2 protein chains.
Amino acid sequence: MVDEICHICNDKATGKHYGAISCDGCKGFFRRSIRKKRSYVCRFDHNCPVDKNHRNSCRACRLRKCLIAGMKSNAIQNERDTIGKRKKPLESLDGGGPETSSLRDLSEEMVIELLLQSERLCQQLRSSVIKSTEQVSYDSGKTRSAFAERFRPEERRASIDDIGKSIRQQLLLLVEWAKSLPQFQSLTLMDQACLLKANATQIIVLGVAYRSVSMEDTICLANDALISREHAALVGDINCVVRRILDELVVPIRRLSIELPDYVALKAIVFFNPVSHDVTDYERVDGARLECLAALEKRCARIEEIAMRGGSRCRLGRLLLLLPPLQAIAQQLIEDVQLAAVFGVANVDALMQELILQDASANNVITTLAATPTIPIKVEP
Amino acid sequence: MVDEICHICNDKATGKHYGAISCDGCKGFFRRSIRKKRSYVCRFDHNCPVDKNHRNSCRACRLRKCLIAGMKSNAIQNERDTIGKRKKPLESLDGGGPETSSLRDLSEEMVIELLLQSERLCQQLRSSVIKSTEQVSYDSGKTRSAFAERFRPEERRASIDDIGKSIRQQLLLLVEWAKSLPQFQSLTLMDQACLLKANATQIIVLGVAYRSVSMEDTICLANDALISREHAALVGDINCVVRRILDELVVPIRRLSIELPDYVALKAIVFFNPVSHDVTDYERVDGARLECLAALEKRCARIEEIAMRGGSRCRLGRLLLLLPPLQAIAQQLIEDVQLAAVFGVANVDALMQELILQDASANNVITTLAATPTIPIKVEP
DNA sequence: TGGATGCGGTCAAAGGTCAA
DNA sequence: GTTGACCTTTGACCGCATCC
């Protein structure tokens, strides 16, 4: 035995189990979880420590680490005869049922897990982008330290320029995000471009809304610039969109206490819209959407089970009902940008032209898609 | 079990806990005390009696006896993840226990049942309206018998005028439909008007789509006039909307084999949109929506249960995912009507002005709402 | 034939739950 | 907030089959 440390919790390992070096505890935990088709929900931030002393504190994170460590659910065999007691009359199972279903359950966990990974990647990218382009132009006209900006919101008030900048930045991140998704990679380049064109604005608006849950009546742009409801009222053009984001998205999101896994699943569901304009492979896109939907459904069922009496009834439905307003707001934003472009107020670059204004004649994004990652992303004025 | 007496309080023991034979009470007491790092002070002489009847009289002496009996505080582990709900402690008597849930089940059934009644009422109204205004102007310019119209679709091709007429007709029916809903009746007149203004177009489009499931690449207007995809392509204005209704609504609806109960629930969910513009009583509207949502969820769960392996996975989610395209198409229709109105192509009456174009200054619908039914409704056996 | 490996299961003793 | 009867989960330990 070369490796004596459990790859999940660092306890003493007892050998390889289900594909990963692990201790008896993690072995038993994994078997029980798969057998009983359990799906857990993390009550914290999905990065709970999993070690010998804390491995029982969060089953969601423990199972996640089991999967990451390489445990395979199809290594779980069918129940055997009981050792000590009278055996049950065993039924012959037809058609390899249990293995298929345990595989599917597992992939539901994995779907969210993969989406979370893509999300973390993009959040890292975003942080580095914000740092590297710290000199965003605020209305104050002064440059503040990052500390002051973070803790004195009034100093982070967005200018018209910030709005354009944050959209451009988000578009670049969106492309990277999409490229990191396996379901996206399996599409043709044309279909990839169609999905991006058809759904970019919604994804951006959803991101803004989710980022703003902890703010008070204020939305937080991708570059951490802020727009309060009062501020928006002064800038007529964006007034309506900001107000609607706050009323129709941020408030309901807050009521539902949406967490990162909910957000990433919703985002993917919005993105993999099989009736996006000009998409040819309906089945594949719909398949991707259904995967995410099934994962979200499972997660919601689990949450409702735990928080029985809480106001978490119909969670899946209420999450999905965020999408019609999202669609409407994105449409309105597109129109605003269109107007701004016509009047020359906004600085519309090629990517915005293509993904926000959905210019059918533009096809630059395809070259971006085919290229190697465009990271590091730099957004110059 | 050799020793059945708790070494701390002489109650019946349930095994060895933390190193000492003990009862569940002393086990729990020790765990809580250590977890919360409690230190108690004896108010007497540090020799209080600790037995089944007096063990709660002095915590200090109880904890002392726990330690003397051999309980080890390092046997207390860290807090674990929360566990599922506890099974109800089987109420033996015929109290109100199970009825609560069956009552709720009943009300979920009832929600759909009431919606179906309203729907049937409107279908009757529609039939009588179609009959009484049989002279719809077809492109052919001739009047056909109802029989010929029904079975020779090419004869029922819609004119531009038909479109306007069917919209007007549907608006009238929509108001009657809404007025028949108990949840609607409980709102203020202003909120009622807001819901109608904000969601009328979506309801109409949804109705058209549902009515068209059994047609081939053709949508069926409220007055039974038809628009095929090819026909729409010739009439530029409506081309896009018709195409999108077919691709984004009719086809998915067909795939899901939606039935009337699904349709009426979806319709109500669209209608009771709590973030509709200017609605004041968010809670009440959201409550109505949640009722319908819960009913639909229950129905979908039943269907999936019955059709286990069928393609009916994620039915609720897939139904709700019809709504973002519905929202988008309705928005586009509104813009088309707006354009048509500006260019004088369409005949826009006051109700259309108010409910489709969402004219904020118009408030006629309120008088309609307050009045008795505006249509001679005949519902005889 | 026998030890190493990796499936399975068991059940004492941890945990948590929630009406009283 | 605390108690304790009652339930779930954990993991150390063991049996069995397979392979070298």
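Since the structure is predicted, the reported quantities are computational estimates derived from the model, not experimental observations. Order of the sequence lines fixes the chain letters, A, B, ..., with proteins taken first and strands second; residue numbering starts at 1 for each chain.
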Closest to the [X] side chain: [options]?
{"X": "B/Asn56", "options": "D/dG11, D/dG4, C/dG16", "value": "D/dG4"}
{"X": "B/Arg59", "options": "C/dC7, C/dG15, D/dT3", "value": "D/dT3"}
{"X": "B/Arg38", "options": "D/dC6, D/dT2, D/dT10", "value": "D/dT2"}
{"X": "B/Tyr18", "options": "D/dT9, C/dA14, C/dG9", "value": "C/dA14"}
{"X": "B/Glu79", "options": "C/dC7, C/dG16, C/dA14", "value": "C/dG16"}
{"X": "B/Asp24", "options": "C/dG16, C/dT10, D/dA5", "value": "D/dA5"}

Could you state the atom-to-atom distance from [atom1] of [X] to [atom2] of [N] in whole Å?
{"X": "B/Ile8", "N": "D/dG4", "atom1": "CD1", "atom2": "P", "result": "12 Å"}
{"X": "A/His17", "N": "D/dC14", "atom1": "NE2", "atom2": "P", "result": "15 Å"}
{"X": "A/Asn74", "N": "C/dG6", "atom1": "CG", "atom2": "C1'", "result": "15 Å"}
{"X": "A/Ile34", "N": "C/dC7", "atom1": "CD1", "atom2": "P", "result": "13 Å"}
{"X": "B/Ile83", "N": "C/dC18", "atom1": "CD1", "atom2": "C1'", "result": "13 Å"}
{"X": "A/Arg35", "N": "C/dT10", "atom1": "CZ", "atom2": "P", "result": "10 Å"}
{"X": "B/Ile21", "N": "C/dA13", "atom1": "CD1", "atom2": "P", "result": "8 Å"}
{"X": "B/Phe29", "N": "C/dA14", "atom1": "CZ", "atom2": "C1'", "result": "19 Å"}

Using OP1 and OP2 only, check whether a side-chain N or O of [X] sits under 4.0 Å from [N].
{"X": "B/Arg55", "N": "D/dG4", "answer": "yes"}
{"X": "A/Arg31", "N": "C/dG8", "answer": "yes"}
{"X": "A/Arg32", "N": "D/dT10", "answer": "yes"}

Q: Classify the nucleic acid contact of A/Gly28 as base, sugar-phosphate or nothing, counting any heavy atom under 4.0 Å across all strands shown.
A: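 Contact class for A/Gly28: none.
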
Q) Hey, does the side-chain of B/Lys27 have a donor or acceptor N/O within less than 3.5 Å of a partner on the base of C/dG15? A)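 Answer yes: a donor N or O sits under 3.5 Å from an acceptor.
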
Q) So A/Tyr210 and A/Tyr263, would you call those rings parallel, tilted or perpendicular, with 30° and 60° as cut-offs? A)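 A/Tyr210 and A/Tyr263: parallel rings.
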
Q | Ring geometry between A/Phe29 and A/Tyr40 (parallel below 30°, tilted from 30 to 60°, perpendicular above 60°) | A |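 Rings of A/Tyr40 and A/Phe29: parallel, under 30°.
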
Q.
Do B/Asp81 and A/Ser57 make a side-chain contact, defined as non-hydrogen atoms from C-beta onward lying under 4.5 Å apart?
A. no

Q. Is a side-chain donor or acceptor of A/Arg35 paired with a backbone partner of A/Gln77 at a separation under 3.5 angstrom?
A. yes

Q. Are A/Phe184 and A/Phe271 near enough that their ring centres are under 6.0 Å apart?
A. yes

Q | Upstream residue (5' side of DNA chain D) when B/Lys36 and B/Lys52 are each assigned their closest nucleotide | A |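 Nearer the 5' end of the strand: B/Lys36.
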
